[in-house]
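Working notes, beginning with the structure itself.
These numbers were taken from a predicted model, which means no experiment stands behind them. Protein chains get the first letters and strands the later ones, always in sequence-line order, with residue 1 at the start of each.
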Number of protein chains: 2
Amino acid sequence: MAYRPADQIIHKAAWLYYTHGLRQDEVAQRLNISRASVALYLRKAREAGIVNISTSTHLFSGERLARQMEDTFGLETVWLVEEDALSPSPASEIPTLAANVFLEMVENDNRVCVAWGRTVYDIADAMSYADREGVTVVEMCGNLGSPYAYRPDQCTMEIARRLNAKGLNFYAPLVLSTQELARALREEPVIREQLDGIGACDLALFTVGALDADSHVIKCGALGLDELKTLKTMGATGVIAGQIITADGTLLDCDYNRRMISADFDAIRAIPKRLMVVQEDEKFEPLNAAIAGRFFTHLVTTSSMAAKLLKHHAVSEPTPA
Amino acid sequence: MAYRPADQIIHKAAWLYYTHGLRQDEVAQRLNISRASVALYLRKAREAGIVNISTSTHLFSGERLARQMEDTFGLETVWLVEEDALSPSPASEIPTLAANVFLEMVENDNRVCVAWGRTVYDIADAMSYADREGVTVVEMCGNLGSPYAYRPDQCTMEIARRLNAKGLNFYAPLVLSTQELARALREEPVIREQLDGIGACDLALFTVGALDADSHVIKCGALGLDELKTLKTMGATGVIAGQIITADGTLLDCDYNRRMISADFDAIRAIPKRLMVVQEDEKFEPLNAAIAGRFFTHLVTTSSMAAKLLKHHAVSEPTPA
DNA sequence: CACGCTGATTGACAAAAGTCAATTCATCGC
DNA sequence: GCGATGAATTGACTTTTGTCAATCAGCGTG
């Protein structure tokens, strides 16, 4: 490479400025040039890679992953827990973190909307009591009578209790036996009101459901195993507020979904802050679908899940440059 | 590691500012904090090594003199500091440059071996935090209990800290009172292992010591003044990793050297990249000896020293045309 | 050798970053 | 509860940096 005096002075400026921490005017003085030139040289030095500014990869590797997640998927904030490390009890880490995150997100006089499920119940359980005022907690979708401790209305009520908030339950089943009945029920004023109120929320807390033999919808009897198999061949990938979505994050066009009393997807997406929480590694596909559907803006999950998602993203649509 | 919200926001601010190039007020807006806080966080991030800013050392190896050094003495790369020129504080320039050069040379998963001394300590001090992984830093020779801040183990540990590396100390004194004891100690498994590990390093950082009244070995009490005088008449010229060498770069055959716990010269020379750093002009003779012994492959020193070395070389063995 | 062209350099101004005293917030002991 | 204490945060101000139109220096050309 040819020797160019221009390079030399750029190097010197960069060295004095970045390594020695001199100010631009000091550098200018030392090199007998104007400060404007120094500014110009420094920009050139940065562009030419003579100075390298990078954010650490090993310190806070989890943080870095989180930032990458935010960038890649256009999310507001991502929180990750390191499961490999010496976490006291990895299982409880996510709900605890999620509960804290959620509490930080709730503001006075907010209207928050929560879905239900084991994860949400765990979060409610881990949530400390907060001194909020004027908060209303509403259910995101219809109820499912189930034998579990995490009955839908209990999730809502427990969270409301912790937030010193008013809890509003959904007085309807999640799934009805016919489409007609569902349609009729949705037009009932009390139900209509609840459904319409979802889009007016400030904050949502929910998770995405998987579709295996031991996942929620099956266990609660809302869906049969054979029915599930059929739906899967149709592209069923995950469950958002009771409703089945495909891999690209859209509502699966099926009878089951039409028999549902639940939040409209556009209403959900109208909520400014939507916190998604995923604990289980097996929920990779569903979560991917939820990302595609732009269902959430904030995410709490494990770093291994984050790594998987990023890897998958890189493979499926390699970034230019 | 525990979840600390403070870390998260600092990291996020650093990420948005340095990686995304947002302005401080944009970052502040995005994170809902004041711009003053952003400025504070960014400073903390820099101090904590979350962001690394490094400048190329190319400038210092781009000179004709440096090239000549490389050619004449068969060195890989030579970096020279002009003591008269742009040095903000000439004394600090060499350690700063050496630290930067060293950082550029260290690669992930490297095993690096460092000697100790004031120069090495200064380098450690000037070194910024680096984003390396899997690096191990080992001591090159035994320790000398000294009253100074630059205690051997501190050099190693400080460098390890800056590199996010594991530091391995040598659990032995540098000099023992008898040859027998030294020999016995060298056969101790834990010591043997450390000694053997030196040849397996990828990179070494060290300097050559002088032999005057106020040089290291004397000050630390490892060697008496009268003892020194005797050794000098025997040809003692410099100190490499504690061991005394003659002008032709070979180990001086003396009792002192035989009482030493330190790296074998062949082991040192087995390390592919060996960075020698010399600040003091008085180290001309020792450095010459170190060159003769082919102890190093990379060199950081002053250009006046380089000039002297080249001149001396030309006189002692004039090159044809 | 005057001319115009190109790219480097600068002065002056605008924008951004740094700083610090004042304030708010949280935590603790009484 | 309640005031004291110390840390975190911020608003207002200062300093530093970025920008850009204007100027200048070098240089090939008619």
Side-chain angles (χ1 to χ4, degrees), chain A residues 1-55 60 63 77 96 99-110 127-133 162-164, chain B residues 2-55 59 62 86 88 128:
Chain A
M1 193 198 298
Y3 170 77
R4 276 172 300 166
D7 286 353
Q8 193 78 358
I9 203 153
I10 290 175
H11 266 101
K12 283 188 184 178
W15 180 263
L16 291 171
Y17 186 77
Y18 286 106
T19 305
H20 281 284
L22 300 194
R23 289 193 316 272
Q24 291 190 358
D25 52 1
E26 294 179 296
V27 176
Q29 211 176 332
R30 184 155 268 129
L31 302 178
N32 279 316
I33 51 177
S34 74
R35 203 193 48 72
S37 294
V38 174
L40 175 69
Y41 293 164
L42 291 179
R43 186 155 56 70
K44 281 190 177 176
R46 283 189 301 264
E47 283 164 2
I50 290 168
V51 300
N52 244 59
I53 303 179
S54 63
T55 54
F60 311 102
E63 292 295 312
T77 309
T96 308
N100 280 295
V101 164
F102 180 73
L103 282 179
E104 268 180 30
M105 292 175 77
V106 182
E107 286 166 29
N108 281 349
D109 302 311
N110 267 6
M127 200 176 291
S128 53
Y129 290 83
D131 191 23
R132 293 287 183 286
E133 265 174 49
R162 310 268 174 149
L163 290 174
N164 186 39
Chain B
Y3 167 73
R4 275 175 299 168
D7 286 352
Q8 206 227 340
I9 200 145
I10 288 176
H11 189 274
K12 199 160 176 179
W15 179 268
L16 291 172
Y17 187 77
Y18 287 107
T19 307
H20 277 272
L22 298 194
R23 290 192 317 271
Q24 290 190 359
D25 55 359
E26 294 179 298
V27 175
Q29 209 176 336
R30 195 100 153 47
L31 301 178
N32 278 317
I33 52 178
S34 72
R35 202 189 51 72
S37 294
V38 174
L40 176 70
Y41 293 164
L42 291 179
R43 186 157 56 73
K44 281 190 179 176
R46 284 190 299 265
E47 282 165 4
I50 291 173
V51 297
N52 305 301
I53 302 179
S54 63
T55 52
L59 161 65
L86 67 141
S128 55

field: Spacing of A:Tyr17 atom OH and B:Thr55 atom OG1 [to the nearest 0.5 Å]
entry: 13.0 Å
field: Spatial distance of atom CG (A:Asn164) from atom CZ (A:Arg162) [nearest 0.5 Å]
entry: 13.0 Å
query: Salt bridge or not for B:Arg43 and B:Glu47, using N-O below 4.0 Å?
result: yes
query: Would you call A:Leu16 and A:Leu31 a side-chain contact if the rule is heavy atoms closer than 4.5 Å?
result: yes
- prompt: To the nearest 0.5 Å, how far apart are CZ in A:Arg30 and NZ in A:Lys12?
  reply: 11.5 Å
- line: Output for pair (B:Ile33 CD1, B:Tyr41 OH), nearest 0.5 Å, gives 5.0 Å
task: Give me the residues of residues 14-25 of chain B where at least one heavy atom lies under 4.0 Å from an atom of DNA chain D, by number, or none.
output: none
- prompt: To the nearest 0.5 Å, how far apart are CD1 in A:Ile53 and OG1 in B:Thr19?
  reply: 10.0 Å
- prompt: Could you walk me through whether A:Arg46 and A:Leu42 pass the side-chain contact (heavy atoms from CB on, under 4.5 Å) check?
  reply: CA-CA 6 Å; A:Arg46 283 189 301 264; A:Leu42 291 179; 4.0 Å; yes
task: Quick one: pull up CG in B:Leu22 and CD in B:Gln29 and give me the separation to the nearest 0.5 Å.
output: 10.0 Å
field: Sugar-phosphate or base contact per nucleotide [nucleotides 6-11 of chain D; S, B, -; heavy atom under 4.0 Å]
entry: ---SBB
- prompt: Nucleotide range of DNA chain C contacted by chain B, 5' to 3', under 4.0 Å to a heavy atom?
  reply: C:dA16 to C:dT19
field: Side chain to side chain, B:Ile50 and B:Tyr18, heavy atoms closer than 4.5 Å
entry: no
